[in-house]
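All values reported here derive from a predicted model rather than from experimental measurement.
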Amino acid sequence: MDPKEIIARRVALELRNNTLVNLGIGLPTLVSRYVPAGMLVAFQSENGIIGFGACPPEGMEDPNLTDAGGGFISALPGAYAFDSATSFALIRGGHLDMTVLGGLQVDAKGLLANWLVPGRMVAGMGGAMDLVAGAKRVIVAMQHAARGEAKIVPELTLPPTAARPVSLVVTDLAVIEPTEAGLVLRERAPDVQVADIVAATAAPLIIPDTVPEMRL
Amino acid sequence: MDPKEIIARRVALELRNNTLVNLGIGLPTLVSRYVPAGMLVAFQSENGIIGFGACPPEGMEDPNLTDAGGGFISALPGAYAFDSATSFALIRGGHLDMTVLGGLQVDAKGLLANWLVPGRMVAGMGGAMDLVAGAKRVIVAMQHAARGEAKIVPELTLPPTAARPVSLVVTDLAVIEPTEAGLVLRERAPDVQVADIVAATAAPLIIPDTVPEMRL
Amino acid sequence: MREAISPAAAAALVRDGSTVMVGGFMGVGSPHRVIAALVERGARDLTIIGNDAARPGHGIGALIDAGCVSRCITSHIGLNPSLQKKMIAGEVQVDLVPQGTLAERIRAGGAGLGGVLTPTGVGTVVQDGKQLVKVDGRDFLLELPLRADVALLRCYEADYYGNLTYRLTARNFNPIMAMAATTVIAEPDEIVPIGLIPPDHVCTPGIIVTHLVERPH
Amino acid sequence: MREAISPAAAAALVRDGSTVMVGGFMGVGSPHRVIAALVERGARDLTIIGNDAARPGHGIGALIDAGCVSRCITSHIGLNPSLQKKMIAGEVQVDLVPQGTLAERIRAGGAGLGGVLTPTGVGTVVQDGKQLVKVDGRDFLLELPLRADVALLRCYEADYYGNLTYRLTARNFNPIMAMAATTVIAEPDEIVPIGLIPPDHVCTPGIIVTHLVERPH
């Protein structure tokens, strides 16, 4: 299975019925493909809609109906459109049950860096800081390593996105949960051994007696 | 002319075209009867509508369309309905050009007391404190004296509604403008002499060389 | 999807001793059927947050008459002499808050803000015990957020996701209270199929509305 | 009543050196006809407040390309490499603000608040130079209001009072910017007679909209 598909399918298992969920641009967006059958999840796009669907057929796009990346989307029955203050009131006010975000680094305390690499082109934090500060659960969906370098590190070397630790980290190798005691290895990807994960992780991991394989 | 009619007609002369105006319950409400012909004034009712009209004919009232006192009103073409946070964003944010409020006391500095008489039944400030703190112009419309007692006093003996002085005081006897130097007597009611006003006012008045009669 | 429940079932969700936001302005836009059911079940010791105390026997006034209320956070009680008497008799605690400040505090509670700075109340009794913050040389009061265990809303239309619309001046505090409570109960005039309310006309999103009251018969 | 003016007349109201809020999110809901007119007239030294810098040649990006902008207060410039280069070259100052904080600061500016306390940005570079306020043991940043000389809005419908409606995700920052500027210019897709927009569907009241741009031909 493609690494991105592993991540998206595993994150989708964290979805719960009747919840409000925000998916970041890029990899996190893939999660919406794997919503369990019969489950009702309200997806929010922070530019101002809850209840959006896939891009409509060519020629049926509406220039006033887009996602946060500017791509065309459709509106599902029961959708709700709103302004940016309301959008972040939902995010900051504890109404957003879960957000799924990409990551550049996660450290041993569960702190996330995902918005700025000093020395590279500056993008800006967009809504990331509000999402990490405000969502009930923050799930980081990312490749375990980038160009051979570990992204799960003892301490962030990049600027943090928030002072608050994330809830769960899902990678193509593992599911890791930040706790008070440290990072706990909860699951391993299919055909991946615990030793492989430890080798690819720069931060110390707490390893329970059994580390089950992801049930995808 | 009835004292209330004098006050309402004189306050109406302060209305300007294309402005947003809030009228308090009671005497101030009468001002809407005397809008100069051809002038477009948007009246706000702080419970959530701009552009309301008189009570509709019996049987045509809508229980969802009322003024701040709970009385039935109608909606004019181009009306706008909104929630309470928006209502006071308009009031506090400098969008309200003028508010007309009743008064219990105004003092030499132009401070208004209009919400609490210690020892009497407590009503609550409602929107009065926001209106006095937020409106561009605050006009007090009140009888010059109550039961023989002056309401324009050297210093408030009742709790103030705001730390900010009002813009103008219109009574059945006079128009008085609070300034840095003190209360200036700007106009007198028809057939009222300056000496009558001075006698009915407990606060010192600055009296210009000419004090014209109100042009009603 | 939300199943519509009876007013009595809605009233059962409001525990004695809880803090309850009640929409409405002089009873206009108040959930009168749920209020009647709360009176019927004999709710006790409620802290009510609402714009005003309406009139005796009406809206929040009916809850006060029935002895359901121990505390009231509100901007105006002038048209409810019953509450004024209970306040003086020490039966109900009344916390008076300027109307715009009340709206902003509720909004802050729903928006996850730690507070807002408002010019309203500076130099008045409202200032007592509050932090004064100077911004650009001007004084503001730091006002703290309000949240509730339950919000009781009145709306015009609802769909079965719980999406809500409001009608004219019956909107008032309802949309901001919808954001500021753990349990959110909406009493609609009409329930319509999902998809009938255009996305631009939905005023409160169904995902934050936990319970829908059946339409009136 | 508002007479509809041309995009060029609207652009003439935006003085060089002024602070301008521009609605839109990646150009969706941006007033493209007024933006084109600003480029045409060669506006200079503008401080732009907007969610993002869109793409080169598009929306706010078009203003930046044309050299109209000296400063940008925004949450995201990642899809506009031209602005990134101008920033590094020191041609345009960029102030990055978290998106929800940007929205709240603009709302505060329009609502007459002295500021808001937000948890967003605590423990990050966003905290630098800001007052930290503890409420109930939790840290918040005091964020100050934003206002502008001009707001340039895109809307769906307008009537001749200036009442506005917005369409789906083109709404975004437009309604809060409408409240936070001295001159408020709305570019509608359609202008309809007064009375055609129901009071519950008006999103921005005409009384705060100072200018209406004629509909596209």
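- With sequence neighbours left out, C:R55 forms a salt bridge (Lys or Arg N to Asp or Glu O under 4.0 Å) with no residue at all.
- Separation of atoms CG (D:D52) and CG (D:L83) is listed at 10.5 Å; rounding is to 0.5 Å.
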Please tabulate, for the side chains in residues 17-24 of chain D, all donor-acceptor contacts under 3.5 angstrom to protein atoms that are two or more places apart in sequence or on a different chain.
from	atom 1	to	atom 2	distance (Å)
D:S18	OG	D:R15	O	2.6

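- Taking non-hydrogen atoms and a 4.5 Å limit, the residue list of residues 90-121 of chain D in contact with chain C, ordered by number, reads D:E104, D:R107, D:G112, D:L113, D:G114, D:G115, D:V116, D:L117, D:T118, D:P119.
- Taking every heavy atom of both residues into account, D:R33 and D:P7 meet most closely at O-CB, 3.6 Å.
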_The test is side-chain contact (heavy atoms from CB on, under 4.5 Å); show your working for D:S30 and D:R154 and say whether it passes._
CA-CA 5 Å; D:S30 288; D:R154 170 76 169 281; 5.6 Å; no
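- Using a 4.5 Å heavy-atom cut-off against chain C, the contacting residues of residues 155-176 of chain D are D:Y166, D:R167, D:L168, D:R171.
- Scanning both residues, D:V192 and D:L196, for their nearest heavy atoms gives CG2-CB, 4.0 Å.
- Contacts between C:L141 and chain D at a heavy-atom distance below 4.5 Å are absent for every atom of the residue.
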*Residues C:T47, C:V69; criterion side-chain contact (heavy atoms from CB on, under 4.5 Å); working and verdict*: CA-CA 6 Å; C:T47 293; C:V69 182; over 6 Å; no
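- Atom CD of D:E3 is separated from atom CD1 of D:I5 by 10.0 Å, given to the nearest 0.5 angstrom.
- When the shell of 6.0 Å around CG of C:D128 is examined, it contains more than 12 heavy atoms from other residues, nucleotides or ligands.
- If you take CZ on C:R2 and CD1 on C:I194, they are separated by 10.0 Å, rounding to the nearest 0.5 Å.
- Across D:V133, D:L144, D:V135, D:D200, the residue that shares the most heavy-atom pairs under 4.5 angstrom with chain C is D:D200.
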